[in-house]
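Everything below concerns the one structure shown next.
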Amino acid sequence: MVINAPLIGVNWLIGGRPGQGKSSALRTLMLGAALDPTVELWAFVMGESPDFEPFRPRLSRYGMGMDDHVAEAATQALADLLSEMERRGKILGEQPGRPPKVSRKLADKRDLGLHPLVCGIDECHELFQHPKYGKKAAELAVRLIKRGRKYGIVLLLATQSPTKDSIPREVTRNVSCGVAFSVADQVANDGLLGSGKYAAGIRATELRINTDRGTCVAVGITDETFELVRTFYVPFEDGADDVTPVIARAVALIEEMGRAVESSARPQLEAAPVAVDHLADVAAVLDGERRVRTQVVLTRLARHDPGEYGEWTFRDLKAALAPYRVAPVKSDGNKVIRADDVAAALARRDRDDDRTGADYGHGDGRDADRDPAGTQGLLPDRSLTESLGSDQREHGFRDPGTQRRPAPGPGRNPGDPGTGEGPSLPPRRPSDGAREVTDPDSL
């Protein structure tokens, strides 16, 4: 019998001793989500593990490693999910009838941005115990688990260290689905399945390490008090990779629908602003000519990058070039930029990347402002005949900027196994008394 595991409208906490199947179970859940073209997927692995590397083409956000920047990114992701939750709440409030939660119908309306958003965090205890970001991450996770599910935001957490210190009590208390593979003691058992489960006889401590690998005790996945299930196994080890083909299929489904992998670019998570390389851009728009009139340079720059240069004036151009000892010079009564000056400035910068513009000086003497004797008046025909942009005829001033780019008791009712379609991925062979569980609908 196959249990189609719930996903939308729930959150998951998965744990167990190392090597018993928690990451594999998390991966299977996310593979199911990936096969829904409307789902936006985020993944963070708080350690050096390649378990989710094949997901990259399908992920909108991904972080992996033990560095502080991964913990920071994961914490920021939780904060962004909280902001997204608030946005979705406002959108729901504007819909006819003021629906209390995101439905499938609403999620399919792309213009509303209420599509399912699934975030998986493996080795989450490393995040919650981080000396700098742990406390904040835990607070954010609790708030999301309590409220985010009705807005289509799903949090999947996996850990091999489910202790009272590593997993916030409010996470265990409020999570919808708890999954425990083999664990060592009562503390870990109840840290995953909920307070009092061990005393009630719901015990993952009775699962044998390695022998029962892939088998878990689960609560919240059916109407039963608990289930003993064996999860589907999608190999990604020892040269076997069945994960990548599923991700390829998931990406193909998105493309067939004329969609793209959902973008999650938000100002809070953008990398540091990327400074536009003004000197290199000027060199590019000179286009191999020896000298080009400044007005033509401005027009070409505006065409090259309208967002950065569309409103530039002569003063902006002059200010941007001054730190590199490049200045417009007079040639036959016109102000021009000389290619040789720009090339020399680029060469100086390349010789020492640590040198800043202030090291160069301004070179504002009369000699620097004029062509050498005997060479004035030799302007290229093309730059003389190019038309100017209308915005280059106005002479305001603006500083040049940057562009920011236990086995079940006898006689129990097995419960409703669900109505989703059967799996398309090869299952492990179930052990006696265990039921198969797979991810939602798609697999």
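Counting heavy atoms from C-beta outward, Phe226 and Leu193 have side chains that stay 4.5 Å or more apart. Side chains of Leu82 and Leu78 form no contact here, defined as non-hydrogen atoms less than 4.5 Å apart. Counting only heavy atoms from C-beta outward, the side chains of Leu321 and Leu279 approach each other to under 4.5 Å. Looking at heavy atoms from C-beta onward, Cys124 lies in side-chain contact with Ile167 at the 4.5 angstrom threshold. When side chains are defined from C-beta on, Val154 does not count as touching Val39, because their heavy atoms never get closer than 4.5 Å. In this structure, Val229 and Cys216 have side chains that are in contact, with non-hydrogen atoms separated by less than 4.5 Å. Residues Val292 and Val285 are not in side-chain contact: their nearest non-hydrogen atoms beyond the backbone lie 4.5 Å or more apart. The closest side-chain heavy-atom distance from Leu301 to Leu317 is below 4.5 Å.
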Problem set entry | Audit row: Glu256, Arg249, salt bridge (charged side-chain N to carboxylate O under 4.0 Å, His left out) steps and yes/no | CA-CA 10 Å; Glu256 287 173 10; Arg249 179 152 56 98; over 6 Å; no
For this session: Take Glu170 and Lys146 through the test salt bridge (charged side-chain N to carboxylate O under 4.0 Å, His left out) and record every step on the way to the result.
Result: CA-CA 9 Å; Glu170 288 299 302; Lys146 285 181 176 180; 3.5 Å; yes
Exercise. Stepwise, does the side-chain contact (heavy atoms from CB on, under 4.5 Å) test hold for Thr28 with Thr231?
Worked result: CA-CA 8 Å; Thr28 301; Thr231 58; 5.9 Å; no
For this session: Test Leu192 against Val179 for side-chain contact (heavy atoms from CB on, under 4.5 Å), laying out the working first.
Result: CA-CA 6 Å; Leu192 294 167; Val179 174; over 6 Å; no
Exercise. After noting the C-alpha distance and the side-chain angles of Val175 and Leu157, does the key distance pass the side-chain contact (heavy atoms from CB on, under 4.5 Å) rule?
Worked result: CA-CA 10 Å; Val175 79; Leu157 303 174; over 6 Å; no
Exercise. Checking side chain to side chain donor-acceptor pair (under 3.5 Å) for the pair His130/Asp68: CA distance, chi angles, key distance, verdict?
Worked result: CA-CA 8 Å; His130 191 277; Asp68 286 353; 2.9 Å; yes
Exercise. Are Arg300 and Asp287 close enough, and set up right, to give a salt bridge (charged side-chain N to carboxylate O under 4.0 Å, His left out), and what steps lead you there?
Worked result: CA-CA 10 Å; Arg300 293 181 184 177; Asp287 199 20; 5.3 Å; no
Exercise. What do the steps show when you test Asn189 against Thr205 for side chain to side chain donor-acceptor pair (under 3.5 Å), and what is the final call?
Worked result: CA-CA 7 Å; Asn189 186 86; Thr205 54; 5.2 Å; no
For this session: Could you please spell out the steps behind the side-chain contact (heavy atoms from CB on, under 4.5 Å) verdict for His125 and Gln160?
Result: CA-CA 8 Å; His125 58 279; Gln160 61 175 289; 3.7 Å; yes
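The backbone N or O of Thr244 sits less than 3.5 Å from a side-chain atom of Asp241, completing a donor-acceptor pair. Without hydrogens or angle criteria, Arg149 side chain to Asn11 main chain gives no donor-acceptor distance under 3.5 Å. No donor-acceptor pair under 3.5 Å is formed between the side chain of Thr75 and the backbone N or O of Ala137. Between the side chain of Arg348 and the main chain of Tyr324, a donor-acceptor pair closer than 3.5 Å is present. Side-chain atoms of Asp67 never come within 3.5 Å of backbone atoms of His69 as a donor-acceptor pair (strictly under, hydrogens ignored). For Asp190 (side chain) and Gly196 (main-chain N/O), a donor-acceptor pair under 3.5 Å exists by modelled atom type.
Judged by distance alone, the side chains of Gln20 and Ser182 never bring a donor and an acceptor atom under 3.5 Å apart. Using a 3.5 Å distance cut-off with no hydrogens or angles, the side chains of Glu53 and Tyr62 do pair a donor with an acceptor.
The residues Lys136 and Glu139 are annotated as not salt-bridged, no charged nitrogen and carboxylate oxygen being separated by less than 4.0 angstrom.
Atom CG of Asp305 sits about 14.5 Å away from atom CZ of Arg303, to the nearest 0.5 Å. Separation of atoms CE (Met46) and OG1 (Thr159) is listed at 11.5 Å; rounding is to 0.5 Å. Atom OG of Ser60 sits about 8.0 Å away from atom CH2 of Trp42, to the nearest 0.5 Å. Rounding to the nearest 0.5 Å gives a distance of 11.0 Å between CZ of Phe236 and CG of Asp242. Note: Arg58 CZ to Glu40 CD = 9.0 Å, rounded to the nearest 0.5 Å. Expressed to the nearest 0.5 Å, how far CE of Met30 lies from CG of Leu59 amounts to 6.0 Å.
Using cut-offs of 30° and 60° for the angle between ring planes, the His278 and Tyr309 rings count as perpendicular.
Not counting sequence neighbours, the partners of Arg88 by the side-chain hydrogen bond (donor to acceptor under 3.5 Å, both in side chains) test are Glu84. Applying the side chain to side chain contact (heavy atoms under 4.5 Å, CB included) rule to Arg104 yields the partners Asp36, Thr38, Ala107, Asp108, Pro116; only residues at least two apart in sequence or on another chain are considered.
The two atoms that bring Val243 and Phe55 nearest to each other are CG1-CE1, 3.8 Å, heavy atoms only. Taking every heavy atom of both residues into account, Ser23 and Asp51 meet most closely at CB-OD2, 3.5 Å. A pairwise comparison of heavy atoms in Val70 and Gly63 identifies CG1-C, 4.1 Å as the closest pair. Across all their heavy atoms, Gly191 and Thr172 have their closest contact at O-OG1, 2.6 Å. Between Ala158 and Asp122, the closest heavy-atom pair is CB-OD1, 3.3 Å. Residues Pro168 and Val142 approach most closely at CB-CG2, 4.3 Å, considering heavy atoms.
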